[in-house]
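This structure is a prediction, so every number in the text was calculated from the model and none was measured. Lettering follows sequence order; numbering is per chain, from 1.
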Amino acid sequence: MQDYPFKIERKWQEAWTSGKLFSPDLVKARTPFYNLMMFPYPSAEGLHVGNMYAFTGSDIYGRFKRMQGFDVFEPIGLDGFGIHSENYAIKVGRHPRQQARISQKNFYRQLYATGNAYDWTRTLATYDPAYYKWTQWIFIQLFKKGLAYRARAPVNFCPFDKTVLADEQVVDGRCESCGSQVEKRDLEQWFFRITDYAERLLKNLEKLDWSKRVKIAQRQWIGKKEGITIGYQVAGSRLQVGCWTSRPDTNFGATFVVLAPEHELVSEILNIKYQISNIKLKEVKSYVKRAKKKTEQERIAEGRDKTGVFTGLYAVNNLNGEKLPIWVSDFVLMEFGTGAVVAVPGHDRRDFEFAQKFGLPIKRVVVGKDGDDSPITKIDQVQEEEGTMVNSDFLNGLDTHKATVKIMDYLEEKGWGKRKTTYHLRDWLISRQRYWGPPIPVIYCVNCWKVKSEKLKVKSEEGRDFAMIDGKEHAIIPVPEKDLPVILPDVKDWKPRSGARGPLAQVESFVKTLCPECGTAARRETDVSDTFLDSAWYYLGYLILGNQKSKINPSTTLRIDGEQSRTIKNQKFRNWELEFRNSLARRGQWLPVDMYIGGAEHSVLHLLYSRFLTMAFYDLGLVSFEEPFRKFRAHGLLIAQGAKMSKSKGNIVSPDDYIAKYGADALRCYLMFCGRFQQGGDFSDAGIAGMHRFLKRVWNLVIGQLGYWAVRSAPKNLLTQEPISLHMMHKTIRRVTEDIESLDYNTAIAALMEWLNFLEQKVNIKYQISNIKYDQKRPSDISLEPLGREETETYLKLLAPFAPHITEELWSRLSGNWASRPSALRLRLEEQSGKTRPKNLRAQRPNDRIDFQSIHTQPWPKYDPKLVESKKITLVVQVDGKLRDRLEAKKGLGEKDACKLALSSQKIKKYLAGANYKVVYIKDRLINFVLKF
RNA sequence: GCCGUGGUGGCGGAAUAGGUAUACGCGCAGGACUUAAAAUCCUGUGGUCGAAUAGACCUUGCGGGUUCGAGUCCCGCCCUCGGCACCA
């Protein structure tokens, strides 16, 4: 066997790109199919096989759809802005912009070498000003719509790195990079009001064709819960405290109330003098102070161990007039519900732990399945499940669900409570005190606020439409659209720095500006936006930015920030909104995305943010659909050495060496063969040689067949004829078609291997029986031809999405277009047939023309259901459910005939001799003789 | 703790309207070719007993159940990996 020349891969990659085979006309395409893959962070050393695994899986689907007749748009880009990339730049000691240039080149080189059918004329990168101009424009649209707002919020702060950290960078309360304990700091931040969309985000999930696990994760993250806020009078005062609960049925079991340390009632208690002793006051004060200062690390170290302090005040339970002592404890979170909890220690483990520690009473009001109705004294007795109400006045005897409804009705009727749905989902904090991101396009103006507040005479209720900077109130003025983009300045001192502001705050030329409204001195926002904002809309970006001039070389299609700023600046002002709308109007046929594939790790954040933004666009009238991705499938994880690939584990595998050694086709197929795509797989390089062998066998089979035809001229019979060959072909077409559709690539490849085994055997047999040699005459019996033309073509087509290069090469040779360079075939032919040089294989000029007939645009083979079924079956014969024999049989046998056949078997006769039996017959499958019945 | 995955030969993994368990590949063993090696090709390969290509028994994480028949369905556990987690 000879090695197939996988060096042909480069040639075809270039032919595809220069021929624009994979660059559909975005305006005129008639059957658009938007096949999108989550674009990568180019932050690490380069692409690893885990990335390639995901991209290849997406590409195969796209290629399959193309052959099914769709105009497939499969774009690629880089999610290069943001903390990941910046941290990598810090690590290697390069400026992020410089690093981006290196990463970009490297990533595109690697992606190009994988042979994916990307539209290289429409790449994008989030750090390109032409891209982030839109990110900023989107921010402004949301701001104008009231969906972006400023508020004080606690952020993670690392005292060693002196920088603000994103939640993702805090691992077990410690800084991801240096390991120091993270502190919380209260700072003014920008938020997106995603919570306004909680209900829609939840409801729309039902309609989406998405991986089930992702839908579940989102549902859980949104965390909708029905409940009621119950008001409690604070004894001896006019104050009220509202406690939200989802279990009002247990309210007769309430024995105390707990406030979060940040709860407003706590500061009221501290500021206004109630009848609390000074000692008590001090106690509360110091507890609150300690609790607020507590680091994440300390909280975790404490675990579930409860701390708290009694305020000396009582809340009155309207239901029974009982006085509930009011405590303060940090196990109650201000961000959830009302920040105050009515504790039912008998039916909530946390409340129980607290009650036990501080000696508070515990009441049983529910009896569960176990029937235990004794007093609750041990944690294991805490009854959180459903059950029957006891000790609860008018609720007694009801089950918990009915009791919940009844008491809610009652509380509302009395005016003591109000039904309220809460969500786990929080507003999206989008500002980062970092450098490597799109500057938030906002200007702060003291003068404007002065004018405005005088006009209004009153400050706004929320106090949110001004920004507090250096103790001064500033009006928030969005950057006028004509001034977009706000270019990220080239800064030497770009590393994260101490204090509340990011590196941009040090750049005077950036900060100082004039107010676009009143013209007085003003300052720019110095925070940049979250990477997730960049990636939340990029699926539109490919269409909007798609009118750039196409450039072929993938490493130069992109402009890096800074290099491009001049060009952008020189552009004439355009009406961005009009451009946005026009782009989508002309290319809107591609939307929403038809197939989106990506990692399950983005189940919640990216996919939720993207959905939110799309809904906001819909409400703004910018798009005509609410959901960005019609179909989403999460791919599995590629494991190496028993663990997920990561830098820290040191098990990163780069595709480069494998591509150099075996070719991209072999690696693609091998990756897809590792396991079910949606489940992941185990990468070990031991098996890749096997895949290489498989492709070599395909190569040699087809080349051998070409040789046969070359000597004997083209076959007369184009169709495959023998029944068994037909059956194998149609069966395989069906299996591969169905498996690709369901992304079960591993079994699709297995089916192709099985067919190959069959074809090779057939060829061997035919050569044997006909004793064909190249220098002999063609046998008169055409059916002795090793392979049929149709068979050969079908094989290549089915393999094409997996191994696009080798199949393209063989396809081109099959269509007589192959002779552009000395090939194995020609050498072999000359060797074998002496001087013979077949006329239909006359050497042609090198041919890389655009209009070559690519296999990747050939129609996908169809199968005939009749031929998929075999005419013969194996009848399994069981006795008492145990396999005893297998018999060849015709299809469609009736029970009587099957019985007769089975009884003719000696083996079976032996078992049935002299016994009574019952027969269970499953047509075309098995017959079971049951003796014991 | 909660939610979600998955548990099948030496290894990666096939097989679910309940019906031939271990497809396909890797590895391994033997053979052919070769001066030799590599490559390639052929044969074999779940386990135990057995001379056997006779036959029997066992086998899909563990324990029960339903069924003529269970990897697949039901009940009760154990473990892996992933995500969330003091969310009232």
Side-chain angles (χ1 to χ4, degrees), chain A residues 1-3 211-214 216-217 219-221 223 225 227 243-248 250 258 299-300 302-306 329-333 335-344 347-351 353-354 384 422-426 599-601 603-604 636-637 639 642-644 669-670 673-676 678-691 693-694 696-697 700 744 746-754 756-757 760 764 873-883 885-886 907 910 917-933:
Chain A
M1 181 185 278
Q2 82 188 76
D3 212 352
S211 294
K212 199 178 134 204
R213 54 180 162 152
V214 174
I216 290 170
R219 211 167 277 137
Q220 201 174 299
W221 185 263
K225 274 184 184 158
C243 299
W244 184 84
T245 175
S246 64
R247 291 292 305 276
T250 61
V258 191
R299 277 194 191 227
I300 285 156
E302 258 171 24
R304 302 183 74 89
D305 198 16
K306 300 287 181 289
S329 171
D330 63 4
F331 88 85
V332 174
L333 307 174
E335 308 91 75
F336 190 78
T338 54
V341 166
V342 53
V344 184
H347 304 282
D348 182 286
R349 292 173 77 94
R350 292 152 307 173
D351 295 351
E353 282 161 2
F354 195 84
E384 292 181 319
T422 67
Y423 298 88
H424 171 254
L425 185 69
R426 306 282 152 75
E601 69 274 19
S603 293
V604 177
L637 224 58
I639 302 289
K644 181 182 170 176
C669 292
Y670 181 62
F673 195 60
C674 280
R676 198 175 290 186
Q678 292 185 70
Q679 235 156 51
D682 193 335
F683 182 88
S684 68
D685 54 7
I688 190 168
M691 193 54 73
R693 204 172 299 151
F694 164 66
K696 271 197 272 188
R697 284 165 57 203
N700 285 334
D744 293 324
N746 54 338
T747 46
I749 293 170
L752 285 166
M753 286 172 164
E754 282 178 57
L756 179 68
N757 290 342
E760 279 183 343
N764 282 342
I873 55 118
T874 305
L875 183 71
V876 172
V877 187
Q878 296 182 335
V879 177
D880 278 335
K882 282 194 178 173
L883 174 76
D885 205 0
R886 290 169 199 184
K907 288 178 188 171
K910 193 177 81 187
Y917 54 82
K918 185 172 90 178
V919 176
V920 177
Y921 178 57
I922 309 294
K923 200 172 177 185
D924 293 338
R925 288 212 180 221
L926 65 75
I927 184 160
N928 187 7
F929 297 97
V930 185
L931 300 179
K932 323 166 223 171
F933 64 92

Applying the 3.5 Å cut-off to both distances, the Watson-Crick or G-U partner of B:rG10 turns out to be B:rC26

OP1 or OP2 of B:rC58 under 4.0 Å from side-chain N/O of A:Lys882:
yes

For B:rG69, does either OP1 or OP2 sit under 4.0 Å from a side-chain N or O belonging to A:Arg925?
no

Is A:Asn746 close enough to B:rC24 that one of its side-chain N or O atoms is under 4.0 Å from OP1 or OP2 there?
no

With side chains defined as the heavy atoms from C-beta onward, is the minimum distance between A:Arg247 and A:Val344 less than 4.5 Å?
no

Which part of the nucleic acid, if any, lies within reach of A:Arg676 when heavy atoms closer than 4.0 Å are counted: base, sugar-phosphate only, or nothing?
sugar-phosphate

Taking 4.0 Å as the cut-off, does a side-chain nitrogen or oxygen of A:Gln220 come that near to OP1 or OP2 on B:rG4?
no

Heavy-atom side-chain contact between A:Val876 and A:Arg925 under 4.5 Å:
no

Please classify the nucleic acid contact of A:Lys923 as base, sugar-phosphate, or nothing, using heavy-atom distances under 4.0 Å.
nothing

In this structure, how many angstroms lie between the C1' atom of B:rC24 and the CZ atom of A:Arg697, rounded?
11 Å

Check the distance between B:rU22's C1' and A:Glu754's CD and give it to me in whole angstrom.
13 Å

What is the nucleic acid contact for A:Arg219, judged by heavy atoms within less than 4.0 Å: base, sugar-phosphate only, or nothing?
nothing

Which is true for A:Asn928 with a 4.0 Å heavy-atom rule: it touches a base, it touches only sugar-phosphate, or it touches nothing?
base

So what does A:Gly690 hit on the nucleic acid, given a heavy-atom distance under 4.0 Å: a base, only sugar-phosphate, or nothing?
sugar-phosphate

What's A:Ile922 touching, base or sugar-phosphate or nothing? Going by heavy atoms closer than 4.0 Å.
base

For a quick check of understanding: with a heavy-atom distance under 4.0 Å over all strands, which category does A:Asp351 fall into, base, sugar-phosphate or nothing?
nothing

Which part of the nucleic acid, if any, lies within reach of A:Gln878 when heavy atoms closer than 4.0 Å are counted: base, sugar-phosphate only, or nothing?
base

Within the structure, does a side-chain N or O atom of A:Arg213 lie under 4.0 Å from either OP1 or OP2 of B:rC3?
no

So what's B:rG69 paired with, Watson-Crick or G-U wobble, going by both distances under 3.5 Å?
none

